[in-house]
Amino acid sequence: MGAVTKPDTAMFDCREAYVRTVEEMAATDERIVAVVNDSVGSSKLGKFRDRFPHRLINVGIAEQNMVGVGAGLANGGKVPFVSGASCFLTARAMEQIKADCAYSRANVKLCGISSGVAYGELGATHHSIEDVAWLRAIDGMTVIVPSDPWETEQAIRAATAHEGPVYIRLSRMPVPALERSNPHFEIGKSEILHEGGDVAIIANGTMVHRAIKAAKALASEGVGARVINMATVSPIDTAMLADAAKTGAIVTVEEGLKQGGLGGAVAEFCAENAPVPMRVLGFPGFVPTGSASWLMDEFGLNAAGIATAARELLGKRA
Amino acid sequence: MICIMPEPDGRSTATIEQRAEHVRERANWMRRRFLRMIVDAGQGHPGGDLSATDILATLYFDVLRIDAANPMAPDRDRFVMSKGHCTGALYTAMAGRGLFPEEDLNSYLQPRSRLNGHPNRTYLPGVETNTGPLGHGFPVGVGIAVAGQIDEADFRTFVLTGDGELQEGSMWEAAMFAGHRGLGKLTVIVDRNRLQQGAKTEDTNGLEPLGDKWRAFGWEVVGVDGHDHAALLNAFDDACEPREKPRVIIADTCKGKGVSFMENQAGWHHGVPNPEQYAQALAELEAEMA
Ligand SMILES: Cc1ncc(C[n+]2csc(CCOP(=O)(O)OP(=O)(O)O)c2C)c(N)n1
Ligand SMILES: [Mg+2]
């Protein structure tokens, strides 16, 4: 395989792939509607509204109502894409997500926009770093964190085909289009984007291209780092994890909280089934004021930070 | 610079005209100062800042009984910025009142700054609660007023909300409870600029008849021009009279007030003026004081 990030490649905002795909599907699938909270602009749904005015439901600034209305629309046979800043969509409407979507097994697609620390300077209220930990804890909730435009499109299509609640965590932070020798997306299946047998780096979302960059730096030092893109956090790809543990060392990295997210999911599986030294990279908690890129660097969520963690772990390999 | 502050009993010895003129000068300074902050930081919410400036100036430069040297004094008046995205207006008002040095305004949104994009009480004394997600400040303000009611305390609680913010269910849960408790020392000001982030409130999820809704929840309702400083002062003076019900001041405002090309434009909810626009905005604001 050995897919790599092209150097100096163009960068993309995955919201574009998201709205393009929803619009394309909506053109042939009458069931698809969008539900928003005064977030037509930030969700980039202006064109969708112009094309399908009666299928864009703006409830105003009311996230709990938005998710409840989404569940009701699903009951009425619609496939609602409930779309808003992921911080408010998840934090504010958590009980609606739990009771109305997951516990009721409603066919609602929750699209969290500008997740992670994309809203940098706006502060911790506007960061969505707890979302994966929260939603992963809810029974029956599928959680997908796409890494680039192609995977975003695949995730939207797969979520539509999937009967049941799905959370798709999108970013507004620019990412490159990843190279894949064998592109294939399936909910619950991960992919290897860089081969290596000394350590496994498990990433998703905006961290995948950074992990590939780290793996290349490690390769030049003779360290084989396997980069696994774990787009689906729940249900997690346990076969891939069992294999990754065989390298003897696992680093996880996510644009999210260190506790309970992707790293937590990997650690839970490995602790019980394939104990292995691990490093979990993420944000420790509420972070100070600062831009998104400053925060990522400050907390080591970049290629250098990932490579350092991998090197440190090599000495502790099982 | 003269500073006309109320006497300890809440009554100013100055005439209403003098007080209004003082607030007007301070409001003009706030507008010029936070536009500079937004330009320097490369982001901000100028529309809602400009909409709320005259209300905040009236509160911070006249109405609020707070001691800048002791911002956590238990008997201080409480002000809660429920529409927490408008930190340009809030921080200039707080700095102008002496709650922190004016030069700190230069650090707006910079790494590790105390001046976060939304107010944070753990960074900045004088902020009562962290806001930013809409629909949070008001319920906390109700809790503060309930504490004052239990203790029969003298302090008053003021909460500034957006009008779009009133679409959040938590606002009406708080309104219902405040009415039920008869929180006579609680005053809510609604910044009724008729715009939310992407469109008009009435085209999105209409609020009218807004006064009737508050009245039905047990509130006294007052309407005021939210850019008329004398009218605002009168409304606040009146709000400080002892009474049985909480009071809401529905302030008729203009989003973007004072900068012609921003006025009533949803597009300026967030955004940054370019150099020409910034120069024009400053010229307009300076002309206003000439
Ligand atoms: C819970 C929540 N949902 C969405 C947002 C995003 N948001 C920030 S400001 C705003 C519009 C607010 O409109 P309004 O209350 O009328 O404020 P103003 O017009 O005074 O700026 C929105 C939707 C938010 N901050 N919090
Ligand atoms: Mg408004």
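Within every chain, numbering begins at 1; the chains are lettered A, B, ... in the order of the sequence lines, protein sequences first and strands thereafter. Atom set for the values below is all heavy atoms of this structure, side chains included, hydrogens, waters and symmetry mates excluded.
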Would you mind telling me which of B:Asn116, B:Asn130, B:Thr87 has the largest number of heavy-atom pairs within less than 4.5 Å of chain A?
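Looking at each option in turn, the highest pair count goes to B:Asn116.
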
Is it the case that more than 12 heavy atoms not belonging to [X] sit under 6.0 Å from its [atom1] atom?
| X | atom1 | value |
| --- | --- | --- |
| B:Lys200 | NZ | no |
| B:Arg121 | CZ | no |
| B:Glu102 | CD | yes |
| A:Phe52 | CZ | yes |
| A:Tyr103 | OH | no |

Quick one: closest heavy-atom pair of A:Pro288 and B:Tyr123, and the distance?
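Taking A:Pro288 first and B:Tyr123 second, the nearest heavy atoms are CA-OH, 3.7 Å.
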
Could you tell me which of A:Gln64, A:Glu298, A:Arg92 has the largest number of non-hydrogen atom pairs under 4.5 Å with chain B?
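Looking at each option in turn, the highest pair count goes to A:Arg92.
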
Please round to the nearest 0.5 Å and tell me the distance separating atom [atom1] of [X] and atom [atom2] of [Y].
| X | Y | atom1 | atom2 | answer |
| --- | --- | --- | --- | --- |
| B:Gln167 | A:Asn58 | CD | CG | 8.0 Å |
| A:Asn37 | B:Asn205 | CG | CG | 11.5 Å |
| A:Tyr119 | B:Gln43 | OH | CD | 10.5 Å |
| B:Leu109 | A:Leu122 | CG | CG | 7.5 Å |
| A:Thr289 | B:Arg114 | OG1 | CZ | 11.0 Å |

Would you please test B:Glu168 and A:Glu63 for side chain to side chain contact (heavy atoms under 4.5 Å, CB included) and show each step?
CA-CA 8 Å; B:Glu168 289 285 2; A:Glu63 295 72 21; 2.5 Å; yes

Which atoms of [X] approach chain A - backbone, side chain, both or neither, heavy atom under 4.5 Å:
| X | result |
| --- | --- |
| B:Tyr108 | neither |
| B:Thr131 | backbone |
| B:Gln197 | both |

Is it the backbone or the side chain of A:Asp38 that comes under 4.5 Å from a heavy atom of chain B, or both, or neither?
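Its backbone and side chain both get close to chain B.
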
